[in-house]
Amino acid sequence: MTSDYTEVFRDTEAVEKYETVTYAPDSYASRINDRQRDYLRALVRREYTANPPVHHDFACGTGRVVRALHGLVREAHGYDTSAEMMAKAAEVGSRATWHTVAGDGPVPQPVAAGFPALVTVFRLLLNVDDAIRDRAMAFAAKALPHRGSGLLVVENHGNAGSVRHLRARRHDGERWFAELSHAEVEQLMARHGFEIVERRGFSMLTPSMHGNRVARLADAAARRMPGSDAYAVNVLYTARRVHA
């Protein structure tokens, strides 16, 4: 989370736009969010059969991932540099304990709430530099100190192996346009002792293609094909710590 992020989302109008425009019903982002919610809920039911996990959501924003897991976790904690984003999260009904964290300095300390745990890092990696990406993974490693601690789920909403990459040359040097390859995400996670155990794609389309009904039908068919996640624009990586 860069200082730019914090400054932008100290503006309550920017926070409101993020919640009600970016994630408006039937928008590109909200459709992907619905698919991710279904995946996360199925993941928790499958992987945490003995005890529900504690949820640590790093860069929690307005709490959409927290809301996705309501009723499936024993407690939830959201961490963000923007108090305004977390205030909006509480306003729209996200149930968690909120923690304002610094954008730099020592890696934030996860709340000591026991195990098993689930750590989520959504819509962050493309918005920050390498130092903040490593900061997020270092936080996750603190929350998940060993393989049996639980799972980490990380979002990449700009896969460099997708059709979105066709725009990369046109937007070269523009700060808002960023992308990461599967290999780069894997290397980032591996530096902090995580190995990816599952990868899932959620859309083959870019936002500009979202309004085309034929494209949406083709996207739905393509997402059912084995290996299609390699080419998805939006991808979730589920990982465990390597260390026993």
Side-chain angles (χ1 to χ4, degrees), residues 1 36 39-60 65-66 68-69 72-79 99 101 104-162 178-202 226-232 234-244:
M1 292 167 281
Q36 291 177 337
Y39 171 78
L40 287 172
R41 292 185 72 83
L43 176 73
V44 169
R45 289 188 177 108
R46 183 183 77 223
E47 296 292 338
Y48 297 89
T49 55
N51 297 300
V54 173
H55 180 200
H56 300 279
D57 189 20
F58 191 79
C60 61
V65 182
V66 168
L69 293 173
L72 294 181
V73 301
R74 70 178 185 272
E75 61 182 275
H77 296 272
Y79 307 80
H99 308 274
V101 297
D104 54 18
V107 174
Q109 190 69 33
V111 171
F115 302 104
L118 171 68
V119 178
T120 53
V121 183
F122 277 51
R123 211 169 179 88
L124 175 73
L125 297 190
L126 295 193
N127 301 331
V128 296
D129 58 23
D130 287 338
I132 304 300
R133 291 169 186 156
D134 278 305
R135 185 176 176 79
M137 293 302 100
F139 171 89
K142 283 188 171 186
L144 300 167
H146 54 80
R147 191 168 183 83
S149 301
L151 294 171
L152 166 65
V153 184
V154 174
E155 180 185 33
N156 174 10
H157 62 287
N159 169 26
S162 70
E179 57 183 358
L180 287 170
S181 69
H182 295 313
E184 287 172 320
V185 175
E186 183 177 7
Q187 290 162 9
L188 168 66
M189 298 173 85
R191 284 201 298 273
H192 297 274
F194 289 97
E195 64 174 357
I196 296 169
V197 296
E198 186 172 359
R199 187 177 71 187
R200 181 68 60 88
F202 293 88
S228 63
D229 61 272
Y231 308 103
N234 184 285
V235 182
L236 292 185
Y237 308 83
T238 299
R240 291 187 185 274
R241 288 298 297 275
V242 174
H243 311 297

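Just so we're clear, the structure is a prediction, and the values are computed from it rather than from any experiment. Quick note: residue numbers are just sequence positions, from 1.
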What are the two closest non-hydrogen atoms of [X] and [Y], and how far apart are they?
{"X": "G201", "Y": "A232", "value": "CA-CB, 3.6 Å"}
{"X": "A140", "Y": "V119", "value": "CB-CG1, 3.9 Å"}
{"X": "A117", "Y": "H56", "value": "CB-CD2, 4.1 Å"}
{"X": "V121", "Y": "A136", "value": "CG1-CB, 4.3 Å"}
{"X": "F194", "Y": "V242", "value": "C-CG2, 4.1 Å"}

Taking only residues two or more places apart in sequence or in another chain, which ones pass side-chain hydrogen bond (donor to acceptor under 3.5 Å, both in side chains) with [X]?
{"X": "H77", "answer": "E75, H99"}
{"X": "Q187", "answer": "none"}
{"X": "N51", "answer": "none"}
{"X": "R191", "answer": "D134"}

How would you list, by chain and number, every residue that makes a side-chain contact (heavy atoms from CB on, under 4.5 Å) with [X], sequence neighbours excluded?
{"X": "E155", "result": "Q36, R64, F122, R123, H157, N234, L236"}
{"X": "E198", "result": "Y39, L43, R46, R200, T238"}
{"X": "R74", "result": "P52, V54, P116"}
{"X": "A76", "result": "H55, V66, V73, A96"}

Can you tell me how far [atom2] of [Y] sits from [atom1] of [X], rounded to the nearest 0.5 angstrom?
{"X": "E195", "Y": "L152", "atom1": "CD", "atom2": "CG", "answer": "12.0 Å"}
{"X": "L40", "Y": "L72", "atom1": "CG", "atom2": "CG", "answer": "10.0 Å"}
{"X": "D57", "Y": "L118", "atom1": "CG", "atom2": "CG", "answer": "8.5 Å"}
{"X": "M189", "Y": "M137", "atom1": "CE", "atom2": "CE", "answer": "6.0 Å"}

Tell me whether R199 is salt-bridged to E186, with the criterion being a basic N under 4.0 Å from an acidic carboxylate O. no
Less than 4.5 Å apart, any side-chain heavy atom of P108 and any of R135? yes
Are the side chains of V101 and F139 in contact, using a 4.5 Å heavy-atom criterion? no
Short question: side chain of R240, backbone of L151 - any donor-acceptor pair under 3.5 Å? no
If the test is side-chain contact (heavy atoms from CB on, under 4.5 Å), which one of N127, V185, L180, V154 qualifies with R133? L180
Quick one: ring-ring contact (aromatic ring centres under 6.0 Å, His included) partners of Y237, sequence neighbours excluded? H182
